[in-house]
Asker: 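I have a structure here, written as structure tokens, and I will follow up with some questions on it.
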Amino acid sequence: MIFDLDIIRELISALFLFMGSFLCISGGVGILRFPDFYTRMHAVGVTDTLAAAMILIGLMLQNPDGLVVIKLSLILLMTLFINPTASHALAKAAFHNGLMPLIEKNKKNNSLPDKKQESEKG
Amino acid sequence: MKRGELIESLINIVLLSLLVGIAIAIVCMKDLFAVVMLAGIYGLISASFFVVMDAVDVAFTEASVGAGISTLLMLVVITMTGRTEHPTRHKPLLAIFVVVVTGGLLIYGTFDMPYLGAIDAPIHTHVAPRYINESMQEVGVPNIVTAVLASYRAFDTFGEVVVIFTAGIGVLALLSVVRRRDEDSVIDSINDSMHEQHLILRIVSKMMIPFIMLFALYVQFHGDYGPGGGFQAGVIFASAIILYVLLFGLSTARKVINQTLIQLIAAFGVLFYGCVGLVSLLNGGNFFDYNVLSSDPIAGQHLGILLIEWGVGCTVASVMIIIFFNFAGRKEFQQRNGNLIDNISKKNKGI
């Protein structure tokens, strides 16, 4: 019975880790492929928070007893606070400095600041 | 075992090539803001590299200093100097020649060095065996790095603290500005109007700052047992205060943190560190020989390490705060003299 539980735990952990890695990679692809700053921001901001949470939960399941779980859940809590706030700050700073989202209408105006933003993200 | 080694060397290769790529990107870029960000990433990746090498203390320092606070200080500088590098008109052929020759000589020099992790390398045969085998009996601190840094090499560490203190003095001498009281209210109102925009950031940071400070204290006092110590703790503590300044404005922070007190604490840390050495001299030991601080040598070592780490933490934290306050105060001074609104928008960008 205990053996079974271990296998199930390992499987769930692997599933979480796999989902987290997949989300990380999809966020990276999003940064490269999305057209303007805000969509890129969205790709990374959303996936990174979820991916970090999933990877941390997966790691917790790897070693379910002891201090590790507490430390990892503290990191998780911090991530859940800090990641969205950082995304918010970035997007807000960009908006305040006059970078408009890319919509059909102002595609032309956007070509220049878009490039600049790309170098900022580096 | 074999597979683990393979994965580790793969991680090393990836991290080191990322470092080279970032360094080249830094050289090529003209936008200083991007350069500063890349330098921060460089610091973070070298920190990861140090973790892979099992040098957790160094990684901790690199992450907090290289990636954290130096990036912040460079950002403050950029708000004063402007964002783009001036184009050079001449071709720096001589400089390239010198750099290439020096680099070639350095690479040539590495051929004589022992291989990474070689067991007969001088660094592993000289004093390291004694540190590893006997530090537990002699110093009684589980973290060997702290034992070496704070006890065996206490004199070197004292030198480092004095260097940091000197840096703080230098910034004070060069950059400190005399503030005129009557303009405070103007700056206040500007800051208020600016910071109403940062509501979410302010609330989240208000929640975070106490925990950052608590973490700094943990790192400070847990340095004997885990990675950490005065340097890292000081930087983390200072970063909490700098975060406060970034979000609530300089004049609010000046009300919270007394500049004179901070300067006194910076000097106090160095003096305190030196005094521990003097006390051990007076008790009949060598300079920084903590064995004589207490009747039991191990207890003396513990006490000595605790005290000097406390001195280090005080000095590092207050010097970082002094540097940041003076840089930001310089900026405020520029604002007052120049076009107020124009500069505020630049500062917003910087933050």
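Letters A, B, ... mirror the listed sequences (proteins, then strands); counts begin at 1. As the structure is a prediction and not an experimental result, all values here were calculated from the model.
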Asker: Please identify each residue that fulfils side-chain hydrogen bond (donor to acceptor under 3.5 Å, both in side chains) with A:Ser73, with sequence neighbours left out.
Answerer: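 A:Ser73: no side-chain hydrogen bond (donor to acceptor under 3.5 Å, both in side chains) contacts found.
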
Asker: So among B:Val56, B:Val145, B:Val51, which one has a side-chain contact (heavy atoms from CB on, under 4.5 Å) with B:Pro227?
Answerer: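 Exactly one pass, corresponding to B:Val56.
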
Asker: State which residues pass side-chain hydrogen bond (donor to acceptor under 3.5 Å, both in side chains) with A:Ser13; sequence neighbours excluded, sorted by chain then number.
Answerer: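 Expected list: A:Gln62.
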
Asker: With a 4.5 Å heavy-atom cut-off (strictly below), which parts of residues 207-223 of chain B touch chain A? List them by number.
Answerer: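 Those residues of residues 207-223 of chain B which have a heavy atom under 4.5 Å from chain A are B:Met207, B:Met208, B:Phe211.
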
Asker: Look at the aromatic rings of A:Phe95 and A:Tyr38 and report parallel, tilted or perpendicular, splitting at 30° and 60°.
Answerer: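 Because their plane-to-plane angle is over 60°, the rings of A:Phe95 and A:Tyr38 count as perpendicular.
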
Asker: Considering residues at least two apart in sequence or located in another chain, which fulfil the side-chain hydrogen bond (donor to acceptor under 3.5 Å, both in side chains) criterion with B:Ser64?
Answerer: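 side-chain hydrogen bond (donor to acceptor under 3.5 Å, both in side chains) check on B:Ser64 returns nothing, list empty.
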
Asker: Measure the spacing between CG of A:Leu15 and CD1 of A:Ile57 and express it to the nearest 0.5 Å.
Answerer: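 Interatomic distance, A:Leu15 CG to A:Ile57 CD1, rounded to 0.5 Å: 11.5 Å.
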
